[in-house]
Amino acid sequence: MATEQLEILREFPFEFYGETYRAYLGTDRNLYLRVADISESMGLDYPGQLRRIKNSLPLSRKLTHIEVDTPYQNGIRRRTVAHMNIEGLTYWLATIDTSRVKSEIRERIEQFQIDFVDTVWALYRSDIVSDVILAELDAYKSPAQRELSEAMDQIRAVTRKMADLENRLVRIEGFVSEVAVVNAQQQRQLQEMINTVAEALFESKNKKMPKTQCFAICYNEFKDTFQIPIYSMLPESKMEEAINYLAKRYRHLKPGTQLPQIFTDGTQQSLF
């Protein structure tokens, strides 16, 4: 839960499963719901719901307090009011005990919860079940259901790629901020050495393996060996170790041949 210095710019009514709610646009350009308003509209105890939200990790991350004008006696006063980012609405409704909801809207909330479960399964099913089993399951669905499942699988694949990219960027930022990495000249030397090893691998396979595959193998092996996301992020302190590693790989692929000059040239150390 956080307290933000937010202001409400305007409000928007919207209909959700037959119920009309109000969303408030904050100065951070996010939409918020008043926890008290949503609780009241469903006939739920507001203090009880607020406690439940605070005790739920995903919901508490969407909870904030905003100062707003509220009626007071014959005038208006500023009060700090609990709001939830609208992104938390679906999860909140999905976890509500419908036996506590007003009877006139209980059926609609229960239908939403059923839809929520089906949608979440469709989105995350590819994380749980293999493609072979999914194909078998989809074979018995209608064309429309199969199309929906395939679309959700694609959406999930994109979100996984985005998460992976964000994780890589975090790791790279960590390398940059905490470790002195090889300089531009050393990067070019590493690149040429890895390319030389890749050419040797290509020749050792009698040129039957695609050259692009040989290059990919050598770059991936180098990154895996030194636990770095890209070769240019090699810590400068490991430069000599990297040269020895690549020279050893070259000798293994081309035994009895002289090391190319790139492996024996000196390296230009960073000045800082």
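Because the structure is predicted, anything quoted here is derived from the model rather than measured.
- V117 shares a hydrophobic cluster with no other residue; no ILVMFWY side chain has heavy atoms under 4.5 Å from its own.
- For Q145, the side-chain contact (heavy atoms from CB on, under 4.5 Å) criterion is met by K141, S142, not counting sequence neighbours.
- Connection of V68 to I76 is not established within any shared hydrophobic cluster, with ILVMFWY side chains joined at heavy-atom distances below 4.5 Å, either directly or through further cluster members.
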Give the C-alpha distance, both sets of side-chain angles, the deciding distance and a yes or no for side-chain contact (heavy atoms from CB on, under 4.5 Å) between H83 and L33.
-> CA-CA 5 Å; H83 286 70; L33 308 168; over 6 Å; no
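- Every residue two or more places apart in sequence or in another chain that forms a side-chain contact (heavy atoms from CB on, under 4.5 Å) with Q113 is listed here: I96, T98, I109.
- The hydrophobic cluster analysis finds F202 isolated: no Ile, Leu, Val, Met, Phe, Trp or Tyr side chain comes under 4.5 Å of it, directly or through other members.
- With sequence neighbours excluded, no residue forms a ring pair (Phe, Tyr, Trp, His ring centres under 6.0 Å) with Y124.
- A salt bridge does not link R77 to D69: none of the charged nitrogens lies less than 4.0 Å from a carboxylate oxygen.
- Under the 4.5 Å side-chain heavy-atom criterion for grouping Ile, Leu, Val, Met, Phe, Trp and Tyr, L9 is connected to F12 within one hydrophobic cluster.
- In this structure, D138 pairs ionically with R125, as a charged nitrogen and a carboxylate oxygen lie closer than 4.0 Å.
- Remark: P47 engages D45, R51 in a side-chain contact (heavy atoms from CB on, under 4.5 Å) (not counting sequence neighbours).
- Between the side chains of R52 and T95, at least one donor N or O sits under 3.5 Å from an acceptor N or O.
- Here Y21 contributes atom OH and D37 contributes atom CG; the two are 11.0 Å apart, rounded to the nearest 0.5 Å.
- In this structure, a donor-acceptor pair under 3.5 Å is absent between the side chains of S56 and R61.
- Clustering of Ile, Leu, Val, Met, Phe, Trp and Tyr by side-chain heavy atoms under 4.5 Å joins V129 with W121, I128, I133, L134, L137.
- Looking at residues two or more places apart in sequence or on another chain, you find no salt bridge (Lys or Arg N to Asp or Glu O under 4.0 Å) involving E147.
- For NZ of K248, the number of neighbouring non-hydrogen atoms (other residues, nucleotides, ligands) closer than 6.0 Å is 12 at most.
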Are E40 and Y46 close enough, and set up right, to give a side-chain contact (heavy atoms from CB on, under 4.5 Å), and what steps lead you there?
-> CA-CA 7 Å; E40 181 181 346; Y46 164 62; over 6 Å; no
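- Under a cutoff of 6.0 Å and an axis angle of 45°, R10 and Y24 do not form a cation-pi pair.
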What's the verdict on side-chain contact (heavy atoms from CB on, under 4.5 Å) for Q189 and I262, showing C-alpha distance, side-chain angles and the deciding distance?
-> CA-CA 7 Å; Q189 186 178 4; I262 187 64; 3.8 Å; yes
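- Judged as a side-chain contact (heavy atoms from CB on, under 4.5 Å), and not counting sequence neighbours, E107 has no contacts.
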Exercise answer: donor-acceptor pairs, residues 190-201 side-chain atoms, under 3.5 Å, sequence neighbours excluded:
{"residue": "N195", "atom": "OD1", "partner": "Y219", "partner atom": "OH", "Å": "2.7"}
{"residue": "N195", "atom": "ND2", "partner": "Q191", "partner atom": "O", "Å": "3.3"}
{"residue": "T196", "atom": "OG1", "partner": "E192", "partner atom": "O", "Å": "2.8"}

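- Salt-bridge formation is detected for the pair R156/D127: a Lys NZ or Arg NE/NH1/NH2 atom is positioned less than 4.0 Å from an Asp or Glu carboxylate oxygen.
- Residue pairs meeting the ring pair (Phe, Tyr, Trp, His ring centres under 6.0 Å) criterion with at least one partner in residues 235-256, sequence neighbours excluded, are F226-Y245, Y250-F263.
- When the side chains of ILVMFWY residues are joined at heavy-atom separations under 4.5 Å, either directly or via intervening members, F14 and M42 end up in a single hydrophobic cluster.
- Inspection of the Q187 and N183 side chains reveals no N or O donor paired with an N or O acceptor under 3.5 Å.
- Checked against side-chain hydrogen bond (donor to acceptor under 3.5 Å, both in side chains), N85 has no partners two or more places apart in sequence or in another chain.
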